[in-house]
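So the structure is just underneath, and the comments pick up after that.
Whatever order the structure lists ligands and atoms in, that order sets their numbers, starting from 1.
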Amino acid sequence: MWCGRVALRVALQRIAVVPLNSLSITGGLPGAVQREMSSLPRVYITRQIPPEGLKILSESGQVQFDLWDSDDVPVPRKELLQKVKGVDALVCVLTEKIDAELLDAAGPNLKVLSTMSVGFDHLSLEELKKRGIRVGYTPDVLTDSVAELTVALLLTTSRRLIEATHEAKTGGWGTWRTLWLCGYELANSTVGILGLGRIGVAIAERLKPFKVKKFIYTDVAPRPELASLIDAEYVSMDELASQSDFLTVCCALTPETKDICNKDLFSKMKNTSIFINTSRGGVVDQEDLYEALSSGQIAGAGLDVTVPEPLPTSHPLFTLNNCVILPHIASASYSTRNAMSALAANNLLLGLKGQPMIKELKL
Ligand SMILES: O=CC(=O)O
């Protein structure tokens with residue numbers, strides 16, 4: 001359904017009184033309204049995004065849009081390839097692969113892509129750049145939510161909360177035992193951050209009050225300005241592996257970081273250490289992680305992201321008590337998802353106007 005409620009409302013006030021709620025948009029409208037609507041840029045939205053973004057687009061009067069009206073299943077690729085034909089702009093989420101095939105299907109009108117995500121590994125940046133398509137994304141607004149979830153996942157994993165509730169519920173809770181369900185605590189620990197950015201800093205800020213002794217990080221180069229906020233020391237990848245009691249992955253997935261957490265890294269970690277990943281599943285070699293967890297090379301892992309997503313329930317990682325797996329929910333709070341949707345909508349509108357977006361990827 002193509003919508004452009006405000007443009008529509010203004011036009012209707014001039015022409016006729018039509019109950020907006022009952023409109024089937026464009027179909028059956030007076031010719032003048034249809035003409036006005038059809039001159040607006042066309043936007044396709046690949047998912048039923050949270051209401052704030054839809055409201056911004058509807059009320060802008062700048063665009064008409066069509067959307068895949070479901071949040072439960074992604075738009076089938078075939079339908080997506082059809083729907084993007086001739087659009088001026090696209091709002092997508094991280095389940096849609098935006099590649100040459102899709103951009104060719106969209107055609108030369110497509111000028112703006114706005115993804116409702118901070119990650120952009122689902123976008124073929126080279127193809128977008130080649131076609132001069134501007135790209136908006138949604139960093140910053142999700143930093144708090146992701147950092148909060150990372151801390152929750154870290155504590156859930158290190159203090160074995162999933163195992164503990166399972167035992168309590170299923171009769172495994174006998175007498176109080178001295179070493180039963182013992183885990184590892186943050187007090188006096190060294191926390192390592194792989195890829196120091198806004199999210200890594202926000203995680204460290206939240207962990208500091210747990211009396212962490214030291215923060216260390218590695219990245220392609222030292223990031224002194226960010227590191228000084230959390231008093232973190234720059235170390236090599238090997239030092240990060242060998243010194244961290246908790247290693248949290250915060251880097252983007254790029255060709256350089258794909259499978260960067262592999263046998264080599266796990267073999268250098270302490271067997272009391274906890275590995276946490278809330279970035280992208282692709283940065284981890286899952287077979288190597290399974291080996292490290294099942295052999296006791298490391299103590300536990302908490303993953304919010306996997307390859308593939310969803311991870312099949314038959315996946316070996318699900319058989320391990322020391323592996324906590326979440327279904328990619330790090331930014332899933334109502335306020336954050338609405339903020340992401342609003343930012344995606346505003347990026348798109350600014351992009352279409354030829355103005356700088358609030359958050360735009362440099363291609
Ligand atoms: O993973 C979530 C995002 O990239 O926004």
**Item:** Protein residue, atom and distance nearest to atom 5 (O) of ligand 1, heavy-atom basis
**Value:** Val118 N, 2.8 Å
**Message:** Closer than 4.0 Å to some heavy atom of Met340 - which atoms of ligand 1 meet that?
**Reply:** 5 (O)
**Distance-only donor-acceptor check, side chains Gln48 and Asp69, under 3.5 Å** = yes
**Request:** Check ligand 1 against Gly119 and write out every atom of the ligand that is under 4.0 Å from a heavy-atom position of the residue.
**Result:** 3 (C), 4 (O)
**Message:** Could you tell me, atom by atom, which parts of ligand 1 come under 4.0 Å of a heavy atom of Arg280?
**Reply:** 1 (O), 2 (C), 3 (C), 4 (O)
**Item:** Any donor-acceptor N or O pair under 3.5 Å, side chains Thr95, Arg47
**Value:** yes
**Request:** Output the list of atoms in ligand 1 that are nearer than 4.0 Å to some heavy atom of His328, sorted by atom number.
**Result:** 1 (O), 2 (C)
**Asked** Quick one: do the Asp238 and Ser236 side chains pair a donor with an acceptor below 3.5 Å?
**Response** no
**Item:** Candidates Leu142, Ile203, Thr143 - the one meeting side-chain contact (heavy atoms from CB on, under 4.5 Å) with Arg198
**Value:** Thr143
**Prompt:** Can you tell which part of Leu94 has a heavy atom less than 4.0 Å from ligand 1: side chain, backbone, both or neither?
**Reply:** side chain
**Prompt:** Which atoms of ligand 1 sit under 4.0 Å from any heavy atom of Leu142?
**Reply:** 5 (O)
**Prompt:** Between Tyr44 and Phe65, is the gap from one ring center to the other below 6.0 Å?
**Reply:** no
**Complete:** The residue among Asp304, Asp259, Asp121 that forms salt bridge (charged side-chain N to carboxylate O under 4.0 Å, His left out) with Arg280 is Asp121
